[in-house]
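Below: one structure, written as structure tokens.
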2 protein chains.
Amino acid sequence: MSSTAKAPDTTEAATGPGQGKPRKRMPRAQRERQMIQVAEAVFAERGYTAASMDEIAERVGVSKPMLYEYFHSKEGLLVACIREARAELRRVTEQAVANSPTGEEALRQGLRAFFGFIRDRKQAWLLVRHEASLVGTASEELETTRQQQTDLIATLMGDFTDPETARFAEESGLLQAAAEFVVGGCERLAIWSEQRDDLTPEIVAEYAVNLLWGGLAQIAGR
Amino acid sequence: MSSTAKAPDTTEAATGPGQGKPRKRMPRAQRERQMIQVAEAVFAERGYTAASMDEIAERVGVSKPMLYEYFHSKEGLLVACIREARAELRRVTEQAVANSPTGEEALRQGLRAFFGFIRDRKQAWLLVRHEASLVGTASEELETTRQQQTDLIATLMGDFTDPETARFAEESGLLQAAAEFVVGGCERLAIWSEQRDDLTPEIVAEYAVNLLWGGLAQIAGR
DNA sequence: GGAAGTAACCTACTTCGAGTAAGGTGGACT
DNA sequence: AGTCCACCTTACTCGAAGTAGGTTACTTCC
């Protein structure tokens, strides 16, 4: 847990060891990252509605108007956090998927990375789930980020598909649909597996690969 | 759309035709249903955070403390709405699935009902998606309702599975996992299909059946 | 070194909405 | 008619989102 180190420490660390100075100025980009980090924790801890900008500001070691200067609104801050989390998730899965020889193997590796991310970065994951509660402009804004995830899977599947099938799949929208399906199913699976402590990311990933690759036909008796 | 008739009309309708009396008393159960109905609309319209209890109360034609008397808190009202929506969704799919001869057919019918529900009752569907944003006690409270959905699918699949497979699947948790997977994948698919106006519920259901039943192996070139 | 400029930052406010206290009113039943 | 209870209201508190306007520290150029 990163909560062992409280936010103000970061500020002091930049100043120097154990100084009395309570606060320190900081370049914009750095402050911004720090704010996102703290906000992520607070949102995850309290939930979006219950989280207060005052608390976030205090834990950053800065006053409220700074938050508004950088992120314009509470929802803006949330969006920034979600975007950050999504970007990280994408980085992780993209890297895991690279250099896989077959489609099935790529799927397996990607899913392992995905479920691993969820285990290790619970806070970030909670934020991504939160996305659904946004309405209007904010949700449109995130649409791009969200699509990258499914696009990754779609192109991935395209890579391992023979040309004719790929063309057909693309035109019919089946490829996109499949990608959405993978993402949605795995998210739900992740939520489900959180409540069972006997499951490692590898096991869950294996469940998902089996279900996805083989389909339900193998479970039902035809 | 039920929004052709504004909320106050309901009140007057109970009183009698075209009376001058602005408001009318109403038995608790009926008021409660009405409140849930209005709240569903407002939450869907504005989003949970932006929706105000004052507006809901006004559109119901009643004062705010009534809402609190019946639902205890804003989140309580949201939970009531979600529960209602989930219950309806469950009714619809359960009915559609009944009397299907095969597992595949049951899946198809169930999914058609599901995607049809999403098209016809957009507001209710938005609420169900909202569930993810709840935290703590409220989300636990809804866990039961949520499980009914996956349980339905799980038992459904169990019904069409030969005994040995079923026992294995049950013990390993694979059956539950599969059910979660189906639900999650379809939810995402639903969100995706909302943005494309060329897709009927039947087509989307067919996509889903193909993906689920046959698996991805049929798309990729092995 | 010091003046000028600017980016980071603050205190002190307004506003709006969730939640509450305490009291009014109308219909049902004796 | 009178009493009772469930339904309903007005009028508040309080906490948190968002803002106006001033202050401080770091940089730059003479």
Side-chain angles (χ1 to χ4, degrees), chain A residues 7-8 10-12 14-16 19-35 38-39 42-43 45-81 134-135 138, chain B residues 7-8 10-12 14-16 19-35 38-39 42-43 45-81 133-135 137-138:
Chain A
T10 317
T11 352
E12 285 183 5
T15 281
Q19 243 239 75
K21 259 306 183 32
R23 276 159 200 169
K24 180 71 198 307
R25 295 205 169 185
M26 210 175 268
R28 187 186 184 112
Q30 188 179 344
R31 215 19 131 200
E32 212 168 298
R33 275 198 305 277
Q34 190 200 2
M35 284 170 174
V38 172
V42 177
F43 282 145
E45 226 168 87
R46 305 236 189 276
Y48 176 70
T49 311
S52 88
M53 295 296 265
D54 285 291
E55 180 180 355
I56 295 173
E58 190 181 341
R59 274 164 70 164
V60 171
V62 105
S63 74
K64 201 164 45 155
M66 291 307 301
L67 292 177
Y68 284 92
E69 173 135 5
Y70 288 153
F71 301 102
H72 183 65
S73 72
K74 190 183 181 185
E75 197 174 85
L77 179 54
L78 176 64
V79 168
C81 289
L134 293 175
V135 157
Chain B
T10 316
T11 353
E12 286 182 5
T15 280
Q19 245 236 72
K21 257 313 181 25
R23 278 160 198 168
K24 180 70 199 305
R25 296 204 169 185
M26 210 174 269
R28 186 183 186 115
Q30 190 179 344
R31 215 18 132 199
E32 212 169 299
R33 273 197 306 276
Q34 190 201 1
M35 284 171 175
V38 172
V42 177
F43 282 145
E45 224 168 87
R46 305 234 189 278
Y48 175 70
T49 311
S52 87
M53 294 295 267
D54 285 290
E55 180 179 355
I56 295 173
E58 190 181 340
R59 274 164 70 164
V60 170
V62 106
S63 72
K64 201 163 47 152
M66 291 307 301
L67 292 177
Y68 284 91
E69 173 136 2
Y70 287 148
F71 301 103
H72 182 65
S73 73
K74 190 183 183 185
E75 197 174 84
L77 179 54
L78 176 63
V79 168
C81 290
S133 67
L134 293 175
V135 158
T137 50

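Reminder, nothing fancy here: chain letters follow the sequence lines and each chain counts from 1.
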Atom CD of Glu69(A) and atom P of dA17(D) are separated, to the nearest Å, by 18 Å

Checking all strands, does Ala51(A) fall into the base, sugar-phosphate, or nothing category for heavy-atom contacts under 4.0 angstrom? sugar-phosphate

Could you state the CG-P distance from Asp54(A) to dA12(C), rounded to the nearest angstrom? 14 Å

Say whether Arg31(B) and Gln34(B), considering side chains only, have a donor N or O and an acceptor N or O under 3.5 Å apart. yes

Please pick, from dA17(D), dC10(C), dC7(D), the nucleotide with the shortest atom-to-atom distance to any side-chain atom of Ser52(A). dA17(D)

If I take atom CD1 in residue Ile56(A) and atom C1' in nucleotide dA17(D), what distance separates them, rounded to the nearest angstrom? 12 Å

Go through dA8(C), dA17(D), dG19(C) for me and flag the one nearest to the Tyr70(A) side chain. dA8(C)

Has the side chain of Lys74(B) got a donor or acceptor atom sitting under 3.5 Å from an opposite partner on the base of dG19(C)? no

In this structure, how many angstroms lie between the P atom of dG27(C) and the CE atom of Met26(B), rounded? 13 Å

Would one find a side-chain N or O of Arg31(A) under 4.0 angstrom from OP1 or OP2 of dA7(C)? no

Looking only at the side chain of Arg25(B) (C-beta and beyond, no hydrogens), which of the listed nucleotides dT11(C), dC8(D), dA18(C) gets closest? dC8(D)

Spacing of Met53(B) atom CE relative to dT20(C) atom P, expressed in whole Å: 10 Å

Presence of salt bridge, Glu45(B) and Arg59(B), under 4.0 angstrom: yes

Find the distance Leu67(B):CG to dT20(C):C1' and express it as a whole number of Å. 14 Å

Using a 4.0 Å heavy-atom cut-off across all strands, classify Ala57(B) as base, sugar-phosphate, or nothing. nothing

Going from CE on Met66(B) to CD1 on Ile56(B), what distance comes out if it is rounded to the nearest 0.5 angstrom? 14.5 Å

Considering heavy-atom distances to DNA chain D, does Ala29(B) or Pro65(B) have its closest nucleotide positioned more toward the 5' end? Ala29(B)

Using whole Å, what does the distance between atom P of nucleotide dT13(D) and atom NZ of Lys64(B) come to? 14 Å

Between dC7(D) (P) and Met66(B) (CE): distance, integer Å: 7 Å

Taking only the side-chain heavy atoms of Ser63(A) (C-beta and beyond), determine which of dA16(D), dC10(C), dA18(C) contains the nearest atom. dC10(C)

Is there a side-chain contact (heavy atoms from CB on, under 4.5 Å) between Leu77(A) and Met53(A)? Walk through the geometry before answering. CA-CA 10 Å; Leu77(A) 179 54; Met53(A) 295 296 265; 4.1 Å; yes

